[in-house]
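Written out below as structure tokens is the structure these notes cover.
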Amino acid sequence: MLNKKSVDDINVKGKKVLVRCDFNVPLQDGKITDENRLVAALPTIKKLIADGGKIILCSHLGKPKGEPKPELSLAPVAVRLSELLGQPVKFAADKEVVGANAKAAVEAMQDGEVILLENTRYRAEETKNGEEFSKELASLADVFVNDAFGTAHRAHCSNVGVTKFIDTAVVGYLMQKEIDFLGNAVDNPERPFVAILGGAKVSSKISVINNLLDKVDTLIIGGGMAYTFMAAHGEEVGNSLLEEDYKQYALDMEKKAEEKGVKLLIPIDTVIADDFSNDANHKVVGRGEIPAGWEGLDIGPKTQELFANAIKDAKTVVWNGPMGCFEMPNFAAGTVAVAKAMADIDATTIIGGGDSAAAVNQLGFGDKMTHISTGGGASLEFLEGKELPGVAAANDK
Ligand code: AMP
């Protein structure tokens, strides 16, 4: 359980409340193409409105690299949030984020009103956790609420620096929910506990593999990262993704799994293609049978069955990383099979953000999962067992 103060532990009546949200939504021609992150932020905002606070929302959007880039303005988010909340969200347009315009907008606020500041990354200091911008943000408010799980693994002005200058810093409902689900799954799971890792690289998930081997009953490895495990045993992997430098690491992890009594599963067959394209020629081969010139782009049907069987009796399942190049329909079947296996069981099922969250939603299994994290990088660092700076900065209970 999260040992941090939350919005339930404070009284915001008449107070100015700065709320760090994660409104880093995909935009196409000024239109929001996926509003999950806006919807996920509503419970905290509604609670603060009901309690009579003056709510000042802030977030980053994309990577404007410290400059005001009009295409990365949060203005469209204010419009959509107004609709979702059913009350106006005033946009405090201001290239300096906390400039004269934003300050005037805050001064004019009544209890229960909501404004949204401009993209915090318009300011170069934001990602450097600079003191000046942290102070400016803090000067707007009496209380700080961090509800941005997606950036909790970073120490920036708007989620960490600002807490040096505001005494009351608590977490919002989304942050609390993320940490309760991920934290409980990792530290206090109902067993059997199965973790599934996929995606492109072993190197980006080294600490996750290592940490999870201390916790799980079964660890399933699919996706591009599996080929390094195969190559470590001298098997031919053709043009498949391979990280030579991590072959020894793969063997070390297999040894660790054996010592810990953890079942570690890697694919027993593979869908291979003669090009990295959906239209490439493709076929299924067994483990160790990938010819030169071909590359593995998905797990094969026998592996789907092997993985589904391992998931079937689990009581807790955590999944991060697709089983193959699911963006290409011809190589999505393995990822679909894992999503389906998770959707079919009576267990706590958690999707660790990023590509796997996109895959699960895109494939229509979203509402079948217990929890889909809104933070890819943050949930990975959580699974690595790290303390997230954005969480650590909130007041303890
Ligand atoms: P990650 O960000 O490490 O979770 O990697 C996600 C990406 O890995 C997705 O874009 C997948 O298309 C890609 N991926 C998964 N399996 C493979 C594979 N066998 N070969 C190449 N890319 C893969």
Side-chain angles (χ1 to χ4, degrees), residues 24 26 34 150 153 195-210 212 219-232 235-246 249-250 265-304 307 318-339 350-363 372-384:
N24 185 28
D34 178 348
H153 58 314
I196 308 157
L197 294 176
K201 291 182 173 170
V202 178
S203 55
S204 61
K205 291 183 187 156
I206 328 176
S207 316
V208 184
I209 300 173
N210 197 17
L212 285 177
L219 181 63
I220 292 176
I221 292 189
M225 60 197 281
Y227 303 104
T228 298
F229 282 77
M230 297 176 199
E235 290 163 30
E236 195 48 68
V237 296
N239 292 340
S240 307
L241 277 181
L242 169 62
E243 290 175 289
E244 285 285 349
D245 294 350
Y246 287 90
Y249 176 81
L265 299 176
I266 68 169
I268 50 174
D269 61 351
T270 300
V271 181
I272 57 169
D274 61 358
D275 192 15
F276 189 77
S277 138
N278 189 49
D279 305 324
N281 294 311
H282 58 277
K283 58 184 177 185
V284 176
V285 295
R287 183 170 165 181
E289 293 170 1
I290 305 175
W294 291 69
E295 59 195 294
L297 293 184
D298 195 9
I299 57 173
K302 286 191 185 136
T303 307
Q304 289 177 24
F307 289 1
V318 173
W319 180 21
N320 188 295
M323 295 293 98
C325 295
F326 75 100
E327 298 94 336
M328 298 189 256
N330 283 336
F331 308 106
T335 301
V336 175
V338 163
I350 296 172
I351 311 296
D355 272 317
S356 6
V360 163
N361 284 324
Q362 192 181 312
L363 302 168
I372 301 182
S373 174
T374 53
S379 62
L380 261 190
E381 292 204 12
F382 210 96
L383 298 179
E384 286 173 11

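First listed ligand is number 1; within each ligand, the first listed atom is number 1.
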Is there a heavy atom of Lys205 sitting under 4.0 angstrom from any atom of ligand 1? yes

Heavy atoms only: which of Gly321, Ser204, Cys325, Gly224 lies closest to atom 22 (N) of ligand 1? Cys325

Residue, atom name and distance, where the atom is the protein heavy atom closest to atom 8 (O) of ligand 1: Ala200 N, 3.3 Å

Whether Arg287 and Glu235 form a salt bridge (side-chain N of Lys/Arg under 4.0 Å from carboxylate O of Asp/Glu) is what I want to check. yes

Among Asn320, Leu241, Val202, Asp355, closest by any non-hydrogen atom to atom 21 (C) of ligand 1: Leu241

Test Ile266 against every option in Thr303, Ile221, Ile220 by the side-chain contact (heavy atoms from CB on, under 4.5 Å) rule and name the one that passes. Ile221

The protein heavy atom nearest to atom 9 (C) of ligand 1 is Glu327 OE2, 3.3 Å

Does some side-chain heavy atom of Trp294 sit less than 4.5 Å from a side-chain heavy atom of Val285? no

So does Asn278 get a backbone contact from the side chain of Asn330, meaning a donor-acceptor N/O pair under 3.5 Å? yes

Working to the nearest 0.5 angstrom, can you tell me the gap between Met323 CE and Leu197 CG? 7.5 Å

Can you name the atoms of ligand 1, numbered from 1 with element, that are less than 4.0 Å from a heavy atom of Gly199? 1 (P), 3 (O), 4 (O), 5 (O), 6 (C), 8 (O)

Relative to the heavy atoms of Leu297, which atoms of ligand 1 are at a distance of less than 4.0 Å? 19 (N), 20 (N)

N/O of Gly296 under 3.5 Å from N/O of ligand 1, yes or no? yes

Is there a heavy atom of Tyr227 sitting under 4.0 angstrom from any atom of ligand 1? yes

Say you draw a straight line from CG of Asp298 to CD of Gln304; how long is it, rounded to the nearest 0.5 Å? 7.0 Å

Less than 4.5 Å apart, side chain to side chain, heavy atoms only: is that true for Lys283 and Ile272? yes

